[in-house]
Amino acid sequence: MGQIAPPSFRFNYVAHFFLLILLLLSSACSLPSLQQRSTSSAYTDTQGTALGRSIAPMLAQHPLEVSGVHLLVEPYEAMATRIHLARSAERSIDAQYYIWHGDIAGTLLFETLYQAAERGVRVRILVDDNGTQGIDRLLAALNAHPNIEIRLFNPFQYRKARWLGFLTDFSRLNRRMHNKLYIVDNQIAIAGGRNIGDEYFQVPEETSFIDADLLAVGPVAQESSKDFDRYWASLSSYPAELILSDPSDKDLEDLHLRAKGYETDEKAGRYLQAMNASGAVQRFLDGDLPWHWVPVKMISDPPAKGLGQARSEDMVPAKLFRLAGLPEKTMELISPYFVPMQADVEAMAGLVQKGVQMQVLTNSLAATDVALVHSGYVGSRVPLLKAGVTLYEWRHSMDSDLMGHREGIGQSSASSLHAKTFTIDGKHLFVGSFNFDPRSIDLNTECGFIVHSELLAAQMEEAFRLAIPYQSYEVRLSPEGSLYWLERRKNGETVRHDSEPYTSWWKRRSVDFFSLLPIKKLL
């Protein structure tokens with residue numbers, strides 16, 4: 001009869017076995033060399049394109065240091081602008097996104113970019129690999145086109161079981177490229193909060209995101225191209241052919257068939273009609289689109305942040321306050337994922353003590369699409385309210401008039417806030433990808449436009465004064481120290497809620513549980 005191994009021996013044996021497995025996985029998931037990677041940069045001789053010729057007269061009427069910006073809040077107008085700009089492209093299209101879904105919106109834009117490439121337009125797509133689930137084969141097929149090049153930021157080597165990558169390379173894969181940027185012919189750029197997917201453009205679904213982009217021409221468009229080039233050439237950007245399997249012609253055929261099929265699909269058809277009715281690009285080409293000509297700067301994190309190699313003074317928060325300064329009178333902040341750390345709460349309290357009126361809009365628990373992130377916010381509400389910060393939480397019902405947004409074709413019955421923007425002292429407006437949370441500050445790369453415009457900042461202030469109180473719950477603190485929520489209805493009625501409005505007991509307790517865990521820095 002054999003001798004039974006002691007427990008300590010069995011534990012060491014199992015531990016060494018799993019260590020060996022992890023070492024083998026780590027070895028297998030090493031990324032390929034970038035030594036032979038091709039180089040490219042934005043075209044600078046695009047003034048003779050149709051877009052360049054349309055912009056030139058406007059540029060001639062304004063000082064060299066200002067750019068023209070137009071706010072894109074309507075979701076189908078935001079999608080139509082991207083589609084029609086791609087159709088107008090003659091030289092280049094550069095697209096940089098955190099998420100790109102293979103749904104209606106994603107398919108339509110992929111098809112439009114493919115058709116542009118067929119006309120001879122150079123198309124470069126840089127997408128964070130965390131947002132490419134389910135479209136590997138399509139990306140590989142598009143990347144095979146001679147005029148399309150696709151790169152993946154911080155790619156996963158394990159394509160189907162991506163969680164295995166987190167076991168062996170967590171410090172890198174936990175850092176994502178959250179940027180959203182779209183540039184056509186180096187003449188016109190779009191930056192903001194929208195990824196590419198149905199929920200970002202109000203394709204008829206159960207839930208849509210309330211979001212905002214800025215369309216920009218002038219010097220800031222060229223700054224955006226230079227920023228895209230920085231990320232394109234970064235050590236985190238891998239050519240798709242080094243990561244993905246060999247392409248298949250069938251995947252391209254499927255893309256064309258799906259795009260064609262949407263023309264007769266009832267749900268997609270209504271959306272396409274509404275999208276095509278948007279005349280922003282034609283108004284732009286005709287010179288009728290209203291522009292605000294003001295100083296605008298493109299700001300972003302260094303791409304090296306994706307490898308944990310960036311300095312804090314080079315990151316978006318430091319750049320924002322260098323350009324706009326600290327608030328002295330007012331600050332209005334819209335952030336769907338609002339997770340202030342203790343130092344942030346103290347800083348905001350200090351500003352309020354100096355006389356700054358500070359208002360914050362974030363998602364309610366009923367509206368948020370990431371309840372785990374909400375758990376990082378709930379513990380900050382009481383200290384922020386005690387400090388004098390005004391807190392609003394976006395309501396789940398879809399009835400938005402935020403910054404001029406109106407209900408549109410195919411509207412949803414519910415909505416979630418996704419815009420990331422803030423104003424300082426009624427003079428400076430930021431629109432971009434940056435959330436006020438530890439992930440945006442420390443882990444993910446971000447970008448956006450900072451606009452020095454009293455007119456656009458005033459629109460935000462007006463939204464906080466007229467629209468937001470009726471589209472959200474105002475969070476209050478009772479004399480006993482407990483939270484309650486005021487729901488103002490348009491008939492003049494005000495309803496008080498003594499717990500998170502329109503949420504289940506189970507959901508509230510789950511958030512309370514996660515708020516106790518030491519995970520706030522990862523949210």
Side-chain angles (χ1 to χ4, degrees), residues 31-32 37-38 40 79 82-83 85-87 89 92-162 165 176-177 179-184 194-201 203 205 228 231-232 236-265 267-268 271-272 275:
L31 292 168
R37 183 180 61 175
S38 64
S40 63
M79 186 61 179
R82 287 165 169 83
I83 294 286
L85 283 176
R87 291 174 179 170
S92 64
I93 301 171
D94 292 331
Q96 179 182 8
Y97 285 99
Y98 172 58
I99 291 172
W100 199 311
H101 291 316
D103 51 16
I104 295 174
T107 296
L108 290 175
L109 191 53
F110 271 141
E111 176 70 9
T112 304
L113 296 184
Y114 175 85
Q115 297 301 333
E118 286 283 274
R119 300 195 312 269
V121 177
R122 185 190 70 181
V123 177
R124 296 187 295 176
I125 299 173
L126 176 59
V127 61
D128 186 271
D129 200 30
N130 198 46
T132 60
Q133 291 94 331
I135 61 170
D136 275 10
R137 292 171 56 183
L138 176 55
L139 291 174
L142 288 169
N143 187 61
H145 192 287
N147 290 328
I148 299 177
E149 188 175 358
I150 295 174
R151 291 186 179 177
L152 305 175
F153 193 91
N154 265 356
F156 294 80
Q157 280 292 78
Y158 298 105
R159 305 310 297 170
K160 293 184 178 179
R162 297 190 179 195
R176 309 312 318 175
M177 184 191 73
N179 307 42
K180 294 102 165 122
L181 196 58
Y182 188 84
I183 311 158
V184 178
R194 290 183 174 95
N195 294 296
I196 305 301
D198 287 354
E199 61 268 37
Y200 302 98
F201 299 101
V203 179
E205 294 291 347
F228 181 92
Y231 276 83
W232 188 253
S236 296
S237 299
Y238 284 75
E241 64 270 17
L242 297 181
I243 304 297
L244 305 179
S245 301
D246 292 337
S248 165
D249 291 340
K250 184 180 183 300
D251 296 307
L252 273 182
E253 293 172 7
D254 290 344
L255 170 68
H256 304 326
L257 287 172
R258 288 201 310 275
K260 185 69 174 176
Y262 289 144
E263 295 178 6
T264 56
D265 179 85
K267 181 176 71 172
Y271 177 74
L272 286 170
M275 187 189 76

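When reading the values below, keep in mind they use all heavy atoms of this one structure, side chains included, and skip hydrogens, waters and symmetry mates.
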Report summary line: Tightest non-hydrogen contact, residues Val184 and Ala89, listed as CG1-CB, 3.6 Å
Query - Residue pair Met177, Ser237: steps toward the side-chain contact (heavy atoms from CB on, under 4.5 Å) verdict - result: CA-CA 10 Å; Met177 184 191 73; Ser237 299; 5.9 Å; no
**Report entry** Distance, nearest 0.5 Å, that separates OG of Ser248 from CG of Asp254
**Finding:** 8.0 Å
Query raised in the report: Any side-chain heavy atom of Tyr231 within less than 4.5 Å of one from Leu181?
Result: no
Query raised in the report: Got a second to check how far Leu242's CG is from Gln157's CD, nearest 0.5 Å?
Result: 9.0 Å
Query raised in the report: Should Phe110 and Ile196 be marked as a side-chain contact (heavy atoms from CB on, under 4.5 Å) after you check the CA-CA gap, both sets of side-chain angles, and the distance that decides it?
Result: CA-CA 10 Å; Phe110 271 141; Ile196 305 301; over 6 Å; no
Query raised in the report: Can you list the steps and then say if Ile125 with Trp100 is a side-chain contact (heavy atoms from CB on, under 4.5 Å)?
Result: CA-CA 10 Å; Ile125 299 173; Trp100 199 311; 3.9 Å; yes
Report summary line: Looking only at heavy atoms, the pair that brings Arg194 and Tyr97 closest together is O-CE2, 3.3 Å
Query raised in the report: Under a 4.5 Å cut-off applied to non-hydrogen side-chain atoms, are Leu142 and Leu255 in contact?
Result: yes
Query raised in the report: Going by heavy atoms in the side chains, are Thr112 and Arg82 under 4.5 Å from each other?
Result: no
Query raised in the report: Which heavy-atom pair separates Asn147 from Ala117 by the least distance, and what is that distance?
Result: ND2-O, 2.9 Å
Query raised in the report: Would a 4.5 Å heavy-atom cut-off, applied to side chains only, mark Phe201 and Ile104 as touching?
Result: no
Query - Minimal non-hydrogen separation, Ala105 against Asp198, with atom names - result: N-OD1, 2.7 Å
Query raised in the report: Is it true that atom CZ of Arg137 has more than 12 heavy atoms of other residues, nucleotides or ligands lying nearer than 6.0 Å?
Result: no
Report task. For the pair Glu199 and Asp103, evaluate side-chain contact (heavy atoms from CB on, under 4.5 Å) and give the outcome as yes or no after the intermediate values. Result -> CA-CA 10 Å; Glu199 61 268 37; Asp103 51 16; 4.1 Å; yes
Report task. Working to the nearest 0.5 Å, report the span between CD1 of Ile243 and OG1 of Thr132. Result -> 10.5 Å
Query raised in the report: Out of Phe153, Phe228, Trp232, which residue meets the side-chain contact (heavy atoms from CB on, under 4.5 Å) rule with Gln96?
Result: Phe228
Query raised in the report: Quick one: are Glu118 and His145 in side-chain contact, heavy atoms under 4.5 Å?
Result: yes
Query raised in the report: Is Asp265 paired with Arg258 through a side-chain N to carboxylate O contact shorter than 4.0 Å?
Result: no
Requested in this report: Quick one: pull up CG in Asp251 and CD1 in Ile135 and give me the separation to the nearest 0.5 Å.
Outcome: 11.5 Å
Query - Flag side-chain contact, heavy atom, 4.5 Å: Val203 against Met79 - result: no
Query raised in the report: Would you say the side-chain atoms of Asn143 pair up with the backbone N or O of Ile150, donor to acceptor, closer than 3.5 Å?
Result: yes
Query raised in the report: What closest approach, in Å, do Ala116 and Ile93 show between heavy atoms, and which atom pair accounts for it?
Result: CB-CD1, 3.8 Å
**Report entry** Glu241 and Pro247, any side-chain heavy atoms less than 4.5 Å apart
**Finding:** no
Report task. Side-chain contact test, heavy atoms from C-beta onward, threshold under 4.5 Å: evaluate it for Arg162 versus Asp129 and give yes or no. Result -> yes
Query - Heavy-atom pair of closest approach, residues Ala86 and Arg119 - result: O-NH2, 3.0 Å
Report summary line: dist Asn130:CG -> Ile99:CD1 (nearest 0.5 Å) comes out at 7.5 Å
Report summary line: dist Leu272:CG -> Leu108:CG (nearest 0.5 Å) comes out at 5.5 Å
Query raised in the report: For the side chain of Arg176 and the backbone of Asn154, is there at least one donor-acceptor N/O pair under 3.5 Å apart?
Result: yes
